[in-house]
Amino acid sequence: MGIPTTPQITVTGERPSRLSRLLKPFAFMSLPTAVLAVLFLIPMGILVYFSFQYGDLTGQSGFTLSNFTDTLTDPLYREIALATFEIATIAMVAQLIVGIPLAYVLAYKAGRFELPLLLALVLADELNPMVRIYAWRMLLGREGLINDALTSLGLINAPIDALLFNKFSVIVVLSTSYLTYTVIPIYASMKAVDSGLFEAAKDMGAGWFTTFRRVLLPLIAPGIFIALLLVYVPLFTDFAAPSLVGGTSGIMLGNVVADMVLQNGNLNMGAAMSFLMLLAAALFSLLAYQLSRVKGGAK
Amino acid sequence: MITLSSLTKQFGDATAVDAIDLEIADGEFFSMLGPSGCGKTTTLRMIAGFEEPTSGRIELAGEDVTWTSPRRRNVNMVFQNYALFPHMNVRENVEFGLRIKKLGKAEAKERIERMVAAVRMEGFEDRHPAQLSGGQQQRVALARALVNQPAALLLDEPLGALDLKLRKEMQLELKSIQQQTGTTFVYVTHDQEEALTMSDRVAVMNGGKVEQAADPRTLYQRPDSAFVADFIGTSNLMTIPTGQRAGEDIRIALPAASPNGEVTITVRPEKIKVVASEPADGSYARGTVLENVYLGSMTQLIVEIRSGERLIVHQLNDEDGREPLAPGAAVILAWSAEHSYVIPEKGPQ
């Protein structure tokens, strides 16, 4: 009794139309979307456009697929692609092997040193990459610290040349370049895992490896996935490290693209190569995402 | 049987557990009760193996396990926050321990089904912990521990996170699961009512020491120390200078064979009656009602007696139409001699 009938209620506010409700979230996103379009999508479009063009010294230009067919059929590029894959994968695995325990120590064992250690890790990344690479050259070189130490200790007679200007040195340098980006997402996902779970696992008889594999790993899989995205893709396209410590055997795809554009002046071919690498990175990301879902258990 | 011998744990300079001796019998529901910081959880964690004792011994079924890894002790723990594996469903959680023990598939399946049924979680096997209520998570944690058929189950304030009504239900359920399985339960709580309702025996702990370990009835009726008397239920503690206190407004009669000298007595609030005139024998005290609090089944009176002490009196509301005693009313309180329980003098420690 006394309750007003429904028509009065609708007068107070117009129910927003279906269309405007659908568009509302996009309105909030309009500015970031515009920024993204200008800074990301337009250059990307230009890259794709160039990759389908040819141009020669006579000034002729037009549409072509030859940039792609040339890249994909050249055995030299295939070999470099394989080497790149090998170097990037080994460096990624090495960083995970170092990074996961490091993240574990930071998240659970560091106590009051947690913040200083985290800060040190971030600062380590602030170091100019060139300086870092030259530091490695001083360590690994013919007259470098390692060879000097080994010779003066009498462990070797002549300096080892195999330390620098090859695949090995590229892997070493790359393995340390992105450690911050490997550790931080894994550390963040560990912080969300209750360390009481490890006690529970231990209580039921699990050793450290079982606890790691069946409890910790599935729970930090999303963090590992982010680390893979942040690190593996840049590892794949790195060209500073291979050009400074790679010598002739440590060449990676990034060098090929840089040479194609900067040395040969063939922007179209470089664009096609970049586009192919982008596709590979996108495919890889999807794969990593799927893997992390399987590991983490479907939610 | 679990035997603790002069078990001690120090954290730096602080002594969390101070040379305690306890024996817990097979199939017993044993509680460790005390305020926070009394050392009860540390003791439990030492039995589980998560803390290493500074000194002393822990024996499980006659075997010295003081330095054995928690992995190899035949005890399981139910954690305060349950510590269920969030990425596993109920079945996988319960299965965890059995997979590590590499139990045969058929037997594992049978045990899991039996345990899930015992904690009344049938039909929830495929749910993840996030999809369960607090009480349900609690049951899964219980099943996950009990499925390993431990010699003893260690429970660290397992009902602390539940609301009062659910906690009462789970108390009964825990007790019935304990009786069904016949497993020794070692239960840590700061809730005296919880300890009293469920336990066969309770160890009241304070400052890292066991004040008294006894069945609930003994703890309530014959507390060994003022701390126990105060911690278990409500009690009126009075220190009587020499012998019996007697005067115009008060007379305290002690039971026969009470020691002379200064003694501390405790009188339970429900033993004190409000009477019309001074009784011929037993104790009485004249006083004034300060407060009356209606508690449903009873009324709690706070009475200040002439000597200045305040006594708590519980009156059962078993008669209709009885006028509540208003603040300011003069009353005579009486109780019989045997209800002045003399707390034993503690010897030098």
Side-chain angles (χ1 to χ4, degrees), chain A residues 96 100 103-105 107-114 185-228 287-299, chain B residues 41 44-45 47-51 68-89 91-103 108 126-131 137 140-150 152-158 161:
Chain A
L96 285 176
I100 292 174
Y104 181 85
V105 169
Y108 303 116
K109 301 286 174 197
R112 64 200 170 93
F113 296 109
E114 184 176 335
I186 297 174
Y187 158 81
S189 61
M190 279 182 184
K191 284 305 271 186
V193 177
D194 170 19
S195 61
L197 297 181
F198 310 147
E199 274 193 353
K202 200 173 180 185
D203 186 63
M204 280 174 287
W208 73 268
F209 185 69
T210 310
T211 306
F212 173 72
R213 192 174 59 83
R214 296 206 43 217
V215 179
L216 185 59
L217 195 60
L219 290 171
I220 61 168
I224 294 177
F225 161 66
I226 293 172
L228 283 176
L287 188 77
Y289 178 61
Q290 284 301 327
L291 268 170
S292 85
R293 270 168 57 94
V294 172
K295 278 267 179 222
K299 290 271 160 72
Chain B
T41 295
L44 194 77
R45 288 176 59 81
I47 300 174
F50 292 123
E51 301 285 353
T68 308
S69 156
R71 293 176 59 194
R72 309 194 192 289
R73 292 188 197 197
N74 192 17
V75 293
N76 283 107
M77 186 137 166
V78 174
F79 296 85
Q80 194 166 11
N81 59 356
Y82 319 139
L84 294 176
F85 302 123
H87 57 298
M88 299 183 192
N89 63 26
R91 184 184 296 106
E92 290 163 336
N93 263 289
V94 178
E95 198 184 20
F96 190 88
L98 301 182
R99 271 183 69 169
I100 285 158
K101 290 183 184 67
K102 300 205 165 50
L103 204 71
D126 294 322
R127 298 251 192 124
H128 280 77
Q131 299 166 301
Q137 291 185 32
V140 176
L142 206 60
R144 184 180 66 172
L146 280 173
V147 80
N148 300 298
Q149 302 180 343
L153 187 70
L154 313 175
L155 303 101
D156 183 11
E157 307 225 9

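Every chain is numbered from 1 and lettered A, B, ... according to where its sequence line falls, protein lines coming before strand lines.
With rounding to the nearest 0.5 Å, the separation of OG1 in A:Thr210 from CZ in B:Arg99 is 10.0 Å.
For B:Ser69 against A:Lys202, the heavy-atom pair with the smallest separation is OG-CE, 4.4 Å. The minimum heavy-atom distance between B:Ala83 and A:Ala200, with the atom names listed, is O-CB, 3.8 Å.
Contacts between B:Leu84 and chain A at a heavy-atom distance below 4.5 Å involve the backbone alone (N, CA, C, O). Proximity to chain A involves both the backbone and the side chain of B:Asn76, based on heavy atoms less than 4.5 angstrom apart. At a 4.5 Å heavy-atom cutoff, B:Val78 makes no contact with chain A through either its backbone or its side chain. When heavy atoms are compared at a cutoff of 4.5 Å, B:Asn81 approaches chain A solely by way of its side chain, counted from C-beta outward. At a 4.5 Å heavy-atom cutoff, the contact between B:Arg144 and chain A is made by backbone and side-chain atoms alike.
Of the possible polar contacts, none joining the B:His87 side chain to the A:Leu216 backbone as a donor-acceptor pair under 3.5 Å is found.
For B:Phe96, the ring-ring contact (aromatic ring centres under 6.0 Å, His included) partners are B:Phe85, not counting sequence neighbours.
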Intermediate values then yes/no, side chain to side chain contact (heavy atoms under 4.5 Å, CB included), A:Arg214 and B:Met88 = CA-CA 10 Å; A:Arg214 296 206 43 217; B:Met88 299 183 192; 3.9 Å; yes
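Chain B forms more heavy-atom pairs under 4.5 Å with one residue of A:Gly196, A:Gly207, A:Ala201, A:Ala206 than with any other, namely A:Ala206.
The local environment of NZ in A:Lys109 is sparse, with at most 12 non-hydrogen atoms from other residues, nucleotides or ligands closer than 6.0 Å.
The pair B:Arg45-A:Glu199 meets the salt-bridge criterion, with a side-chain N (NZ, NE, NH1 or NH2) lying under 4.0 Å from an Asp/Glu carboxylate O.
Within the 4.5 Å cutoff, no side-chain heavy atoms of A:Asp194 are placed close to those of B:Pro86.
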